[in-house]
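In what follows, every chain begins at residue 1, and chains take the letters A, B, ... in the order their sequences are listed. From a predicted model like this one, the values you see are computed outputs, not experimental measurements.
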Amino acid sequence: MRRRLPPSLLAGGVLVALVVLVAVVATIWTPRNPTQVDVVRRLSGIGQNGFLLGSDQLGRDELSLLMAGARTTLLVGVVTVVIAVAVGVPLGGLAALFGGALEEAVMRVSDVLLAFPALVLAILFAAVFRPGTVTAMAAIGIAFVPSFARVVRGAGLQVMEQDYVTVARGWGSGPLRLMVRHLLPNVGSVIIVQATVAFAIAILAEASLSYLGLGTTPGTPSWGLMLAEAQTYLAQAPLLGVWPGLCIGLSVLGFSLLGDGIRDLLDPRLVERMAQT
Amino acid sequence: MGPLILSRAAGLVVALVAASVLIFVVVNVLPGDPASVILGTAATPGALAQLRQQLGLDQPAWVRYLEWVGGMLHGDFGISPISRIPVGPEILQKLTVSAPLALGGTLVALVVAIPLGALAGIRHRRPSGVVISALSLGGMAVPAFWAGLLLISLFAVRLQLVPSGGFVPWSQDPLGSLTSLALPCLALGLVQGAVLTRYVRSAVIDVQRQDFMRTARAQGLSRWQALVRHGFRNAAIPVVTVLGIQLTSLIVGAVVIENVFDLPGLGLLLFQAVGNRDLVTVQDLVMLLTAAVLVVNLVVDLSYRLLDPRIRAR
Amino acid sequence: MSAPALEVRGLQVLVGETEAVRGVDFTLEQGARTGLIGESGSGKTLTALAVMDLLPDGLVARGEIWYRGRDLLRLSERERSRLRGDRLTMVFQEPLSALDPLMRVGDQVAEPLRLHRRLSRTEARARARELLERVQLPDPVERLRAYPHQLSGGQRQRVMIAMAVACSPDILIADEPTTALDVTVQAEILALLERLVREEGTTLLLITHDLAIVSQVCDQVLVMYGGRIVEAGPTAEVFSHPRHPYTLALLEAIPPIDQQLPNGRLTQIPGAVPGLGEFPSGCPFRTRCLRETSCCSTMPEMAGTSHPVACWHPLS
Amino acid sequence: MSSSPLFEVRGVTKRYRLPRTSVFARRREIVAVSRVDLDLNDSDSLGLVGDSGAGKSTLLRLLLGLEPPDEGSIRYQGEWRRREVQIVFQDPTRALDPRMTVAEIVLEPLRVLRLREPMSTRLSELLDAVGLPRAAADRYPHEFSGGQRQRIAIARALAPRPRVLLADEPVSALDVSVRAQILNLLHDLRDLYGLALVLVSHDLSVVRHLCDRIAVMHRGEVVEQQQTQSLFTAPTHPYTVRLLEAIPRLRWRPSPRPSE
């Protein structure tokens, strides 16, 4: 059987791998110290004064800041998705498995939570607690829980309708066994797709929050923060308003493409076609 | 349809109550003492006591909740402990900026997404379709605030066609108001439009694979006629169902965009309130945004049921 | 004898590089009822879609399809649209998904009339009502305003048939029209279809995997396997004296309805139907055939006049 | 032979609630199976026929013990229903977990039921019994054709050594040229293991071929129950008459040839 990988999977995979690679490298090495201020050589252009991508309004090395920013972005993405998966997947799975009052309760609660977009919840949290990366991650993660619960429940219900589940129930397979043996393996792909989509949204949300000054606190390199600072100097250094946005865009694009690609790869119609030939 | 609207409206009320409880709990109960959140750690005991009394913190939580909700139902949104201004009129005033922004953004998004998405769907195997699809994918990845920043950089700073931010009140110069809204609407609408284009595209692709499209062509309709008479109407249903999510993220996007363009709307108010730790205003605004999201979703839900006789009949 | 209603010569349907229909010849006589028998992957539906010019995107038809002195495959898209729904019509298998869920039944039945006969809205509606009466839909006036999901499966298929006979076509192709229906409804729909084509003198091509249905409705039969027609002829002749081993095997594999088999076992055909592009070279059936010899690896031509067969070792 | 039947179904009714359309709407119910009486003895083969929605599949689910009837009783006189009653479905694609190998699928009932069997010997036995190569064990369902998938499903049903096999349209999703293989397999296995068979099918020729007795279902009720032969020659209920008349019959058959 010949499997052709969807092009979006390859493109997305390459982009994501690149972001991860940069983030990993940045933990060990950056061209300069991203937090080192050099007011004399502030707002240098590309290649000037040894700054490969120029320097910002405080004379920090733009390239090093961008690399370090990748780390923050990935951290936020990973933590929020982990929160959402850890809470949302079991809730959705249990709802699909047991149905009835439990399902009703999970769905109603997630309906209400869905009315709070990630950013609004994060702003609310920032107002009440201390604004910062941790607050932002918690808020975004919580805001993602209902979408994971719904997706897993939807896919789980489909699995529960399959005849192989009926057969297993005929032997007296208990809920735990159905969940581990049939439900989770078969909704796994859906969870992966949803996770990549959530990752992309988390990157956007973190960037927006940091831009507003409600996310990553100044001092820690963050793409959103860099854009906020660049806005004042658009006339003198327009490129400072371009690089971080480009990084955000490419990372989001990477994760969206990856999600699309995985979905294409696992599309039931496609799977069916592959099974037939 | 009648009972359906009733039952949906009942659902809306329940969701509103649940959301308000949640917001109230996060703002008033979780932090322990809202007064010390508002005044910070450096506050004098006297100032704290005064604020506590003003906020009614001597009352039990449920009384305060009922007062808050009851007040909102009467149009009384409370008084900001920071600016000492009633929040209600303030919100109304800011709406004259935020509402046109959201509407304009929606308009831009629809004008961009429907024709482009349909075209990309019809020609999804041809270069033009692939190009549109790639562009919309790229557009989806752009944060709205960065799009705003780029637009400012180009049209305001470089070309100096429009102001880089701020707002001329409607009463002063309506044309100037429109000009100051132009870039924000564009930034908001283009990004949302990119997402919507993807949905329209895939709906149009899906509908072309349906059996009834083949039947339509079997009656002698050309591909194009079949799309016009049968395809687009059917494709509209999945698009309308995602419109709720779209409008929600548009509302959120507006909050951020107002900060980019320094537009004195609800978003900027919310941002300033967070900065000032003005919990009364934050609480009201978050409730308002949530209510807007819920109402938008209700309207979308009902309208898509109206479109689809299969669901209408049930 | 009048000219045939349709003549197909060397029809191929290409799915990418793969030939799904591999050079098919057949003739539909004027007013004849022809059954096209085949299993999944036989290419029977693709053959019909090629005749109708309804092949899915990316599939290409080659060869010749002669209708009234014109080769359909050489006509412009516009000219073919004009024939479709008017002179050549088609009834599909799944009547629920084949009808527009958002459009009232009356408007859908009226559509070919408005398109080809240029009837006004009121004329078309009146005609649609007559058609629903002709296909014996109960309460036709009320049904005109109904949506497809409000009808039963059998009623939906009657609507499909009403659309297909609206312009009194020359040729009607029915692709598994009763497979999705209950046995009792199936009998009614087949009887209706047969009566309508008989009354109008319409040429019928009935596509099915069910041999019994063909024996009930059709006077001619074409047997397809692996993208080729392997046997053709009058139904009575082909069914009582099949010449291709595949046809015989199919007939023997069906449990008889009116007698008990002595040992309780059916004659079974070994193996499975290969997937698209996985049929062997030469005779597509040879890997499952008991009579296979070395010469079967080249494709036998259809040989014979009234009851031709494509087999190196036909049954006598 | 014991005098009491293996399955004793008495006055069984099963209703399903349709999902509520709105908070205010009353829940509507449909009666899927209504006042059904049936007996099934060891080595019996019973066919259930009728239109879609007649309640055939619901009755099978009740026999399998997945859910209790709302009224009436189903008594199973064997030892252990979960082991002794097994089922085969119409669409083998939906019936096999795509993430499990054939070996896992076929042996799963032994694990769930905690039967002590030498797993690998049993697996080989089962694959042999349904005519699958032993190499099939480590492959996944999607690598097989429809007929072979149905064989996998049958092997799984046989694994716990059942006394009753329920089959819901077991050949309807298969190609015509493959159906005879599966019908013959069911026929042979039934004789070999002395299975009682309950076969649901819309195709009367299939039921006639495999079953000694036929129950005709219409709108949830069993309207007629007879020995196969007499049902075909002397149907009593009007619906049965209609059904028998509606079956498309092969008008011509090749005359039997001397076997080659």
A side-chain contact here means heavy atoms from C-beta on lying under 4.5 Å apart; do [X] and [Y] qualify?
X	Y	answer
B:Trp146	A:Ile248	no
B:Phe271	A:Ile123	no
A:Gln231	B:Ser153	no
B:Arg198	A:Asp260	yes

Tell me, for [X] versus chain B, whether the close heavy atoms (under 4.5 Å) come from the side chain, the backbone, both or neither.
X	value
A:Ala207	both
A:Phe255	neither
A:Leu257	side chain
A:Leu214	side chain
A:Val109	neither

Side chain, backbone, both or neither: which part of [X] has an atom under 4.5 Å from a heavy atom of chain A?
X	answer
B:Leu22	side chain
B:Leu137	both
B:Leu149	both

* To do: Heavy-atom pairs under 4.5 Å with chain A are the metric here; pick the option from B:Ala19, B:Ala291, B:Ala15, B:Ala144 that has the most.
  => B:Ala19
Expected list for residues 242-261 of chain B: side-chain donor-acceptor pairs under 3.5 angstrom, two or more places apart:
| residue | atom | partner | partner atom | Å |
| --- | --- | --- | --- | --- |
| B:Thr248 | OG1 | B:Gly244 | O | 2.8 |
| B:Ser249 | OG | B:Gln192 | OE1 | 3.0 |
| B:Ser249 | OG | B:Gln246 | O | 3.0 |
| B:Glu258 | OE1 | B:Leu266 | N | 3.2 |
| B:Glu258 | OE1 | B:Gly267 | N | 2.5 |
| B:Glu258 | OE1 | B:Leu268 | N | 3.1 |
| B:Glu258 | OE2 | B:Ser98 | OG | 2.5 |
| B:Asn259 | ND2 | B:Val255 | O | 2.8 |

* Structure fact -> Closest heavy-atom pair, A:Pro238 versus B:Arg158, reported as atoms and distance to 0.1 Å, is CG-NH2, 3.7 Å
